[in-house]
Each structure stands twice: as C-alpha cells, then as structure tokens.
There are 2 protein chains.
Amino acid sequence: MPDDQPRDPLSLDAQLCFAVYAASRAITGLYRDLLAELGLTYPQYLVMLVLWERGPVPVKELGAALHLDSGTLSPLLRRLEAAGLVSRERSGSDERVVHAALTGRGSAMRERAERIPEQVLCATGLGTADARALHALLDRVTSSLSADAPPEGASACQPPPQEDRA
Amino acid sequence: MPDDQPRDPLSLDAQLCFAVYAASRAITGLYRDLLAELGLTYPQYLVMLVLWERGPVPVKELGAALHLDSGTLSPLLRRLEAAGLVSRERSGSDERVVHAALTGRGSAMRERAERIPEQVLCATGLGTADARALHALLDRVTSSLSADAPPEGASACQPPPQEDRA
DNA sequence: CACAACTTGATTGCGCACAACTGAATCGGT
DNA sequence: ACCGATTCAGTTGTGCGCAATCAAGTTGTG
C-alpha cells in the first residue's frame, strides 16, 4: 500500500511513527471488547499475564516486565485489589518492597482468558509468518529506543549496518 | 530473538500485542524528547502535521485522519490555541463545524520540525527496507482491526488466505 | 553507632484516549 | 413550515503513562 518516494519529510515521517501509534490503539481497542466481560482493561490484563506466569512478584519486577513505573502501577494495582483479583503485602525481609499476588478469583480468571490470544491473532489478519516478522521488527525498534536516551544533538545517526538500499 | 514453539497461549499472546504496545510507548518517549524544545506533545505534533499538510481543516477531518474523537481533540486544540499555534473558528456555511487553522507561529514551527523525521528513523535502528516492511505489516493490522468490531462470539476466525504454515 | 547515598513504592499533576452524554445546527420527509 | 433523525463539537468521568517529588527502608563507610 505505501507507494512512496521520499517526498515531504514531514508527511513521510507521519507514516512509520503514526503507523505504530494507530496500530497500538487499534489493538488496545480490540482488547477493550474482549476484556469487557472479564472487567479488565488492557494494562490490567498485562499485569494479570505476568502474575499468571510468574506468581507473586514485587511491584518493581512488574514495572520492569511491562516498562511501567509506580505512578502507573500503584493505582492500577489498587483497582485490581478492589476488584478482588490481586492482593498486596509488604515483604518481611525488605519492608520497602510490595509483593503483588493473585487471589483465588484472580487465579481462576486465567481459564477464561485463555481463548483471547487466538481471537486476537485472528483479528489482526496476519498469518503465523507475518506475525513473527512483525514481532521481530518491533522488538528491534523497542530495544533500539530503550537502549538509552541519546543525550542531545547527539548521534551522528549513521544508519546501522544495513544490507541494501532503495 | 523469539525462539518459540507455541507453548503457553497466554505467554505467546503477550508477545505480539505487547510488542506493539511497548514499541508504541518507546516511540512516544523518543518524540517526547525531540518535541520538548518545540513545546509539543506527540499527539499535538500529529495534529500539527495534518495542519501543515492540509491547511485549515474541520475538527471532524482531524479526527478521521488521526483516529481520534472530539473528546480528545477539543482539549488538545484548546491547548494548541492557548500556545498561539492554532486558531479555531466556526464555519460560516455550517455553524456546526469548527475549522482549525495555523497561526503565523504555527506555520513557522514547521521549519523547526523538519529535521525530526530522520532523527526518529535513525533512532529506530531500522534500515529503509525494514521500515517499509514494518509499515506495511502495521497497516494491515490497523485496517483489519478498524474494519469493524465483529459483533460477539462472532467470526469463525479462519486464518486469512495464507501461504505457509509452521 | 552515625550518616550520607541509594532503593522502593506511593503520591501529585498533567495530558492523552475513550465512552457517554449534551446541545446546537442541519437535513429529510411530509 | 413543521418535526424527527442525524451530524458536529464540546463536556464529563474513568483509566492509563510519565515526570517530579516524597517518605520509608536499606546499605555502605567511617
């Protein structure tokens, strides 16, 4: 679909960054529908995924896994706790850390969430190979960007070792 | 990097949807830094892109271009107006529609924004070909998802015409 | 022990996103 | 001309994201 020719830099720019932004919101919207019956939002669902997979974890670890800080997680966990899905308690060995753990209701919800993934993959309209390729590209972008915040007028921006050109 | 084997559905699920989510936030963070000197947020920058490209447009058209509704755009435009970058006025021919237009300061800012795109593309660590491929995949996802909200227990979810399988 | 540096989570404030609603203006059919 | 349905922007309320700040707890050093 993208015809191109590097024409207006600002228009071309809108393309890739906006494509990610629009896709992200579209996916979130899809989850909004699927998660409505569970009473979860998409970020809440992500937290539940981590808890289902790892069991009780410190808030810090949740933040590392999801790239979120306490300013986001604290109220989110409060809501999950109010919903009876999660409990929080301070560690005995280190009073600074708070462990988030699943309640019975929280654990039980896993079963109901299990059919969501395939519904999502289906709705994206992507095949296995495409999904895999997309995932790999996105991971490269994310790791490139979260590697560091280049100081200022910084990096000479030499395009990274690249095979071909248009 | 993704080793795989369809193992835990919930874990595999976290992968693609979360990859988009994480990448989107990483990109927004990059823009946050780049746009700080212009005093713009990323969504505000997107609005400016549309105005730089199309000139005065109704709020409705902005919403269609960015997939945003008036609940997001009204306060955003108010802030751009307060910053002296944008003006709003009701159409003469149809009093319902409000046209957003650039002020002199708003138009002038375009020049300063012109070098942002290449900085972003560089920071993603992607080459031209990869960026193009990523863009195409994201467009497919976005259009598949925004096509419609499948009613309920709906679609039999047959993977769309696909070439190969693992 | 004393004390500074660090870690961890919570809080505050602001700006999106989005659903739901309001109210004004327009359009369609009669 | 009238009246119901529709369109458009705005407002309200909830829930993220993230910067900045804070307080409590821990660790390292003398």
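Lettering of chains follows the sequences in order, A, B, ..., and the numbering in each one begins at 1.
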> What residues, two or more places apart in sequence or in another chain, satisfy salt bridge (charged side-chain N to carboxylate O under 4.0 Å, His left out) together with B/Glu37?
Replying inline: B/Arg115
>> Classify the ring geometry of B/Tyr45 against B/Tyr31: parallel below 30°, tilted from 30° to 60°, perpendicular beyond 60°.
In response: tilted
> Between atom CD in A/Glu89 and atom P in C/dT8, what is the gap in whole Å?
Replying inline: 19 Å
>> Protein within reach of the bases, or only the backbone? For nucleotides 2-14 of chain D, mark each nucleotide 5' to 3' as B, S or -, using heavy atoms under 4.0 Å.
In response: -----BSBBB---
>> My understanding is that only residues two or more places apart in sequence, or in another chain, count here; which of them pass side chain to side chain donor-acceptor pair (under 3.5 Å) with A/Arg88?
In response: A/Glu81
> DNA chain D: A/Gly92 or A/Tyr42, which has the more 5' nearest nucleotide?
Replying inline: A/Tyr42
>> Please classify the nucleic acid contact of A/Ser24 as base, sugar-phosphate, or nothing, using heavy-atom distances under 4.0 Å.
In response: nothing
>> Measure CG/A/Asp69 against P/C/dT12 and give the value in whole Å, please.
In response: 15 Å
> In whole angstrom, what separates A/Leu76's CG from D/dC16's P?
Replying inline: 4 Å
>> Can you list everything that forms a salt bridge (charged side-chain N to carboxylate O under 4.0 Å, His left out) with B/Glu114? Sequence neighbours excluded, please.
In response: B/Arg110
> What is the distance, rounded to the nearest whole Å, between atom CZ of B/Arg25 and atom C1' of D/dG15?
Replying inline: 14 Å
>> Output the rounded distance in Å from CG (B/Asp33) to P (D/dC18).
In response: 12 Å
> With sequence neighbours left out, what residues match B/Arg78 under side chain to side chain donor-acceptor pair (under 3.5 Å)?
Replying inline: none
>> Side-chain heavy atoms nearer than 4.5 Å, only ILVMFWY residues, links allowed to pass through others: does that put A/Leu51 and A/Val97 together?
In response: no
> Once you build an axis from the first five pairs and another from the last five of the helix from C/dC1-D/dG30 to C/dT30-D/dA1, how far apart in angle are they, to 10 degrees?
Replying inline: 10°
